[in-house]
Amino acid sequence: MEYSFSGLEKKWQEKWTAGQVYRVDNNSPKPKYYVLDMFPYPSGTGLHVGHPLGYIASDIFARFKRLKGFHVLHPMGYDAFGLPAEQYALDHGVHPADSTRQNIKNFRDQLDRIGFSFDWSRQVNTAEPGYYHWTQWIFLHLFNSWYNRKEKKAVPIQSLISSFETAGSAIVSGYRRLPDFSASAWKGFTEKEQQDILMEFRLAYCGYGEVNWCEALGTVLANDEVINGVSERGGYPVVKRKLRQWYLRITEYADRLLEGLEKVEFSEAMKEMQANWIGKSYGAEIDFDLAADQEQTGGLPKLRVYTTRPDTIFGVDFMVIAPEHELVPRLTTEDRQKDVEEYIAYVNSRSERERMAEKKISGCFTGSYALNPFNGKRIPVWISEYVLAGYGTGAIMAVPCGDERDFKFAQHFGIPVTNIIGKYFNGKEANSTKEALLENSDFLNGVAMKEAIGLVNDRLESLGIGNRRVNYKMRDAAFSRQRYWGEPFPIRWENGIAYPLDEKELPLLLPEVKNYKPGPDGEGPLANLPEWTSRHLETSTMPGYAASSWYFLRYMDPHNAKEFCSRKASDYWGQVDLYIGGTEHAVGHLLYSRMWTKFLSDLDLIGFDEPFRKLLNQGMIQGSSRFVYRVSPVMFGHEMNAANGIKELPQIFISKGIIDRISSKDSPDREELMVSLRDILAANFPDIQMISNQVEFNPLHVDVNLVDGTELDIAAFKKSKDEYGQAAFIFEDFKIDSPNYSREEKNGRYLCGAETEKMSKSKFNTVDPTGLVEKYGADTFRMYEMFLGPVEQSKPWDTKGIEGVHRFLRKLWRLFYDEAKGKVWTTAAATDAELKVLHKTIKKMDEDTERFSFNTAVSAMMIAVNELTDLKCHKKEVLEKILILLTPYAPHICEELWSLLGNAFSILDAPYPVTDPTYLAETEKQYPVAINGKTRTELNISLDANQEQVEALVLADDSVKKWLDGKSPRKIIYVKNKMINIVV
RNA sequence: GCGGGUGUGGCGAAAUUGGCAGACGUAUCAGACUUAGGAUCUGACGCCGCGAGGCAUGUGGGUUCGAGUCCCUCCACCCGCACCA
C-alpha cells in the first residue's frame, strides 16, 4: 500500500465538509482563540503560490490551537465591494455582481483543494445586503456622533445639540474656527445654519475640501490610495480638486490611534509606519506682527506660523506662506502684485506629480515684512510652494542655518543667513542640531537649544503671542466614491441639508443598473437613475475600506438580522488573537479598522477598543524569472521598437553562457567568441546584417514553467507561441538547433538567465498552486510553503525544493506501510531511544509552532522521521503521537494514517501530546573539557547532575589537573549540554 | 534625505538566553540496487592544505575565557515615507 495522496485528500476534505467539523458555536467551556486572515478581494486573475501563504500559516495555527484545547474561531469571507471589482467588471464588460460571484466561486474552488479548516458557515460577503445593512448602520452612528475631547470619546450628537441649547458653543470652544454663539443665538439659527454647525462635528461628515481626484477612475481617492501622485489601483494620474465630499473624522482619534500601538503586538516596522502616517509633532503657534509700512484697510493682520523649533526664533531670516494662504492678497504690495500673480499662476499650472518629480526651488517676495516679536527685526515675507497650505497654519518662520529647505531657499534667493548655532553651522549646509548653545539670540544667548524651546514657549504664552501646539500629519479620510459598486449612503438631501435615513429603512439597497458609467458633473453612476435622484438620495457610495473596517466583528455573529453583532457574541470572542496578512494595509485598512473599533467601543457597542491583539505580516513570495536572449531585430535592419514585422523575422536565441562571455569585459576569449558567433550567424542565417563588431540581442521573459532549473525545454518553448514555432537556438557549446540544420547538432543545452522579481503574470514567473496540489498533494504543498523560510520574510519561490517535502511524506508513510510488505506498524512497546526521539520532537514542534517558526517545525518533523526510519521504529505508540504533532501541517495524511491505525475517532479530537522530561534528560557521555575555551581533554559525565557534582567530578580528573597546572579555576561553566569550560 | 529592516555555502535557510557555525532541504558529484529509472538507499559537498592543521557569518574595530548573536565605524540591498516646518 503506497501513499496515494489524491484519493485520500479528496476523501478527507469531503468528510470534513459533510461533518461540518470546523464549525464552531458561540459558547464553549474551553478558552477561546480567534485566528483571522485578511479577507481577500476576489480578483479575477486566479491565485499564484504567494496568495495562500498567509492562509496556510493561519490554518496551521488555528488547527494547532484546536488540538491544544482551544475553542477556535477561524472564518473566511470576501471583500467584494470596491474599485478593483468595478474596474475589472468595466474592463470585461460584465456586471460587477456577476464577475464577483464568478470570482468568488473560482477562488473558493482553488482554496478548497488546500484543505483549510475555515468555518464556512460564518462566511461574509460585504456586497450582500445582509452585510452592508450594518455597514450603513454603523455609518449612521458615525454621522450621529461627535467627538467630545474632554471625555476623549465619541458621544451621540444629541448631547452636543442639548449643550448648544443650554450653554451655546462653550463646550466646543476652540475646537474649530467657528464663531462662538450663545444658547439663545443657537435657538435663533435656521435649521440649515444649525445643521451646518453640527456638520463640523459629526464623525462622518460632508464638506468641501481639497480631494484627490482621479479622472481615469472617475472618483475621489483617500490619501493612502494615492502613491507618488498616481492611483494605487491602475497607476492613473491624480489631481487636487475642491469638491463636496464625505469624510471620516479620523483625526479626532489620532492620539488614541498612536497610544493604542503600545497595547498591541505589531512589528516595529508596522508601528513605525502607522506612527509616521499619524505624524504627531509638538511645537508652537506664534503670531508675528506685520510691519506697518503701508496702509492696510481694516488694520494689520497677524501672521500665524507653526514651528517645532521655537528656540530658533532669533535665527528667523524670512517667512514663507503657502501660495493658497488666505493672506496672500493682503500681504502683496502694489509693486509686487504682478510678480506674485505670475508666481501663483505658475504654481497652479503644476500638477501634483510634477511637484513631486522635480523639487525646484521657487518662490516670490510679497513686499511685506513681519516683525520678530522679541527684537522687532524686520523679516521679509515670501510665498513658496514648499510650504503646504494643509499643514500647521500654512505659514512658517524660516531658519536657514537650522533647516535644509530654508537654507536652500535663502541661498537661491540670496537672503542673508543669521547664524545662531556658532560652530555647528559651516555656512555650506544647514544643521538641524538641538545640541548647540545659542548665539545671536538675545535673552537666549548661551542657552542649550533643548532648554530654549521651553523658555521661548513660556514667554510666548505669557506675552499672549503664541501657544504650545500639537500637530498631526494625518488628515480626515475621504469617505465617498463617485462609483457604483459600493454601499449607498443612507442619506437624503433636502435644501442642502443631509438627513439620515431611519434605521428601519435599512438596508438601503444598491439598485440594479445596466449602465454604471459615471454620472453628470463628477457625480457617481447613481446620479443617472431617476428613481434614485427623485428621492434626493446621496449619489456617491462608500469606499472599499468601509466594509473591511468591521468585518472581523460580523464573523462573530454573521447571521444576526437585528444587530451588526450582538454584544454577547463580541464579548465572547473579543479581540482577534492573531491577525495574518500583508503589510500593504499598514496605513489604510489597519488604521481605519482600529478607528472603527475605538468608535464602537466608545458607544459601548463592543467591549474592547483595539481589534487585533497580534498582527503577523507574511512576506511576499517573489517569482524567479527566466530570460531567453533573442538576436535583436536591429541585426535584421529593423529598429528595436518597430512593433510590426518582428513576428516574421527569424527568431534566433543564444544561450546564457555565451551571452555572459561575450558581454563581460573581463572575459579573456571575448573577441574570439564574438568572431565565431558572428561566423555561425553569418553562415546559418543569411538575413542577418552585421552591425559594427557586435552581436545585438534582447533579453525576453520566458514562462518559468518551460524551464527546468535554467535549462529551457526547447520543444515546449516552440509550442508556447506561434512565432517561436520555427525558432533557432545556439546552444552553450555553439551547436545549433535550427529548422534547416542537420540533425546531429540538435542535442544541446540552452540555458536561461535568472532573476528574482515580484511574482506577476506579465513577467511569466507565476506558479499555479492548483497544479502543484495535483502533482504533489495539498499536504506537500502546505508544508513546502512553510518550509521555504520564515513566514514574515520575503523569499523567492523555487518549485524544485518541493520534492524534498514530498519525499518526507512518503518516508513517513513507509513507517506505517511498506510497498512490498504492506502493514509494518506494530503495537510493540517503544524503546527508550525511540521515545527520546518522540519527546524531543514534541518539545520542538510545540515551541516552534507557538512562536510561528513554521519552517523550523517542518525541519524538526523531517529530522524525527529520518531518525525513526534509522531506528526502524514502527511502533504505534510513537507514530500516533507524531501524527498528532503533524496534523496542523499535513492534516490529510495524518487523518488517513490515524484511521488506518484503527482509531475510531478523528485525529482532530486527539489530545495534543505532552513532553515527558525523563526522555529529554542527557545520559552520561563524553564531553569535551576546555580551559579558557580551548578544548584540552574529554570526560565521561552526565550533565544532569547538579552543578557542584559536575564541578567536583571535573576538577578531580587527573588530566584536568594536569592541564590546570596548579592554577585555581575562576569559574566553571557548562555550556548547553555540549561542553565544559573552565575559566582560569 | 528621513524612518524601519536584512546581510551566514551554488540556492532556500538553521543556530530560541553570547557556548562545537552551516541543522533541514535543494542543487551538484561519486557509488549501491536495478532491464531501466526522474523510485529507493549510501557517501562527499564553505575556503586553503597531501596532511596535521589553519581560515571563515558584508567591512573595519571593540567588549568577553568565548561573538553570526552585544557595542561602535563603514558598505550593500530591501521596504515604507518623502518638501509635514
Side-chain angles (χ1 to χ4, degrees), chain A residues 2 227-228 267-277 279-281 283 305-309 312 320 355-356 359-361 384-388 390-399 402-406 408-409 432 471-475 583-584 586-587 617 619-620 622 624 708-710 754 756 783-784 787-790 792-805 807-808 810-811 814 819 844 847-848 850-851 853 855-866 869 927-928 930-935 969-971 973-984:
Chain A
E2 59 182 315
I227 315 279
N228 293 327
S267 69
E268 279 313 306
M270 176 62 62
K271 289 184 182 179
E272 206 49 51
M273 265 189 255
Q274 295 207 356
N276 263 337
W277 185 262
K280 184 175 187 172
S281 65
V305 302
Y306 176 72
T307 181
T308 53
R309 297 295 300 272
T312 61
V320 187
R355 262 171 89 154
M356 284 183 174
K359 283 177 194 166
K360 272 200 218 152
I361 299 169
S384 176
E385 59 180 338
Y386 85 86
V387 171
L388 307 176
Y391 183 77
T393 61
I396 63 155
M397 53 180 230
V399 183
D403 184 284
E404 196 53 44
R405 294 154 305 179
D406 297 348
K408 284 188 176 146
F409 192 87
S432 60
N471 246 317
Y472 299 93
K473 279 199 248 181
M474 186 167 68
R475 311 292 155 77
T583 47
E584 67 272 18
V587 293
N617 296 116
M620 222 185 338
Q622 289 136 329
S624 185
D708 180 15
T710 55
T756 299
M783 290 192 80
Y784 185 56
F787 184 69
L788 272 180
E792 292 185 82
Q793 195 173 301
S794 287
K795 57 246 162 190
W797 178 264
D798 172 22
T799 300
K800 285 234 146 180
I802 201 171
E803 298 279 356
V805 175
R807 267 195 276 273
F808 152 76
R810 283 204 305 259
K811 206 164 176 177
R814 286 200 300 272
E819 241 177 275
K844 180 87 175 139
E847 285 172 359
D848 284 356
E850 199 72 72
R851 67 186 173 104
S853 182
N855 57 328
T856 53
V858 173
S859 294
M861 223 44 227
M862 289 180 171
I863 293 168
V865 167
N866 284 344
T869 304
Y927 287 98
I931 295 171
N932 280 350
K934 195 134 190 127
T935 309
R970 255 202 299 147
K971 204 162 47 162
I973 306 161
Y974 61 77
V975 176
K976 282 236 165 169
N977 298 350
K978 281 174 186 164
M979 64 181 284
I980 298 156
N981 188 25
I982 305 170
V983 181
V984 294

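Order of the sequence lines fixes the chain letters, A, B, ..., with proteins taken first and strands second; residue numbering starts at 1 for each chain.
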Task: Presence of R814(A) side-chain N/O under 4.0 Å of rU40(B) phosphate oxygens OP1/OP2 - done: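 Negative; the distance criterion is not met.
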TODO: Could you tell me whether the phosphate oxygens of rC79(B), OP1 or OP2, come under 4.0 Å of any side-chain nitrogen or oxygen in S794(A)?
DONE: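 No, outside the criterion.
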Between [X] and [Y], what is the shortest heavy-atom contact and its length?
{"X": "V587(A)", "Y": "M273(A)", "result": "CG1-O, 3.9 Å"}
{"X": "Y391(A)", "Y": "S281(A)", "result": "OH-OG, 2.9 Å"}
{"X": "D406(A)", "Y": "A398(A)", "result": "OD2-CA, 3.2 Å"}
{"X": "F808(A)", "Y": "M783(A)", "result": "CE2-CE, 3.5 Å"}
{"X": "E385(A)", "Y": "K360(A)", "result": "OE2-O, 4.4 Å"}
{"X": "K795(A)", "Y": "P790(A)", "result": "NZ-O, 2.8 Å"}

[N] versus [M] - spacing of their [atom1] atoms, nearest Å:
{"N": "rU63(B)", "M": "rC47(B)", "atom1": "C1'", "value": "28 Å"}
{"N": "rG31(B)", "M": "rC77(B)", "atom1": "C1'", "value": "42 Å"}
{"N": "rG12(B)", "M": "rG7(B)", "atom1": "C1'", "value": "15 Å"}
{"N": "rA44(B)", "M": "rG51(B)", "atom1": "P", "value": "15 Å"}
{"N": "rA21(B)", "M": "rU26(B)", "atom1": "P", "value": "26 Å"}
{"N": "rA32(B)", "M": "rG38(B)", "atom1": "P", "value": "15 Å"}
{"N": "rG22(B)", "M": "rU69(B)", "atom1": "C1'", "value": "15 Å"}
{"N": "rG58(B)", "M": "rG46(B)", "atom1": "C1'", "value": "16 Å"}

[N] pairs with which nucleotide, Watson-Crick or G-U wobble, both distances below 3.5 Å?
{"N": "rU57(B)", "answer": "none"}
{"N": "rA30(B)", "answer": "rU42(B)"}
{"N": "rG1(B)", "answer": "rC81(B)"}

Task: Test item: side-chain donor near acceptor, K473(A) and N276(A), under 3.5 Å - done: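 Per modelled atom types, K473(A) and N276(A) side chains form no pair under 3.5 Å.
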- [ ] Look at the rings of F409(A) and Y386(A) and say which category their plane angle falls in: under 30° parallel, 30 to 60° tilted, over 60° perpendicular.
- [x]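 Geometry flag for Y386(A) against F409(A): tilted rings.
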Using a cut-off of 4.0 Å on non-hydrogen atoms, how would the nucleic acid contact of [X] be classed: base, sugar-phosphate, or nothing?
{"X": "K844(A)", "result": "base"}
{"X": "R475(A)", "result": "base"}
{"X": "S853(A)", "result": "nothing"}
{"X": "K473(A)", "result": "base"}

Between [atom2] of [N] and [atom1] of [X], the distance in whole Å:
{"X": "D403(A)", "N": "rC2(B)", "atom1": "CG", "atom2": "C1'", "result": "13 Å"}
{"X": "R851(A)", "N": "rU16(B)", "atom1": "CZ", "atom2": "P", "result": "8 Å"}
{"X": "L388(A)", "N": "rC83(B)", "atom1": "CG", "atom2": "P", "result": "7 Å"}
{"X": "I982(A)", "N": "rC65(B)", "atom1": "CD1", "atom2": "C1'", "result": "11 Å"}
{"X": "K408(A)", "N": "rA85(B)", "atom1": "NZ", "atom2": "C1'", "result": "15 Å"}
{"X": "L788(A)", "N": "rA13(B)", "atom1": "CG", "atom2": "P", "result": "8 Å"}
{"X": "E792(A)", "N": "rA13(B)", "atom1": "CD", "atom2": "P", "result": "14 Å"}
{"X": "E404(A)", "N": "rG1(B)", "atom1": "CD", "atom2": "P", "result": "11 Å"}

Open item on the list: Given rG12(B), rA85(B), rA15(B), identify the nucleotide with an atom nearest to the side chain of I396(A).
Closed with: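 Closest nucleotide to the I396(A) side chain: rA85(B).
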Task: Candidate nucleotides rU16(B), rU40(B), rA85(B), ranked by approach to the side chain of S281(A) - the nearest - done: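 The answer is rA85(B), which lies nearest to the side chain.
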Task: Stepwise side-chain contact (heavy atoms from CB on, under 4.5 Å) check, R807(A) with V865(A) - done: CA-CA 11 Å; R807(A) 267 195 276 273; V865(A) 167; over 6 Å; no
TODO: Examine distances only and state if a side-chain atom of S853(A) and a backbone atom of D848(A) form a donor-acceptor pair shorter than 3.5 Å.
DONE: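 Here the side-chain-to-backbone pair does not exist.
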Under 3.5 Å between N/O atoms: give me all the protein pairs with nucleotides 4-8 of chain B, atom names plus distance.
none

- [ ] Indicate yes or no: at least one non-hydrogen side-chain atom of K811(A) is less than 4.5 angstrom from one of N866(A).
- [x]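 SC-SC contact between K811(A) and N866(A) confirmed.
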Open item on the list: Taking syn as a glycosidic torsion within 90° of 0 and anything else as anti, which one is rG9(B)?
Closed with: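 Base orientation: syn.
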Open item on the list: For K280(A), I'd like to know if atom NZ has over 12 heavy atoms of other residues, nucleotides or ligands within 6.0 Å.
Closed with: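 Yes, NZ of K280(A) has more than 12 neighbouring heavy atoms, counting only those of other groups under 6.0 Å.
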Open item on the list: For nucleotides 23-29 of chain B, give me one character per nucleotide, 5' to 3': B if any protein heavy atom sits under 4.0 Å from the base, S if the only such contacts are to the sugar-phosphate, - if neither.
Closed with: BBSS---
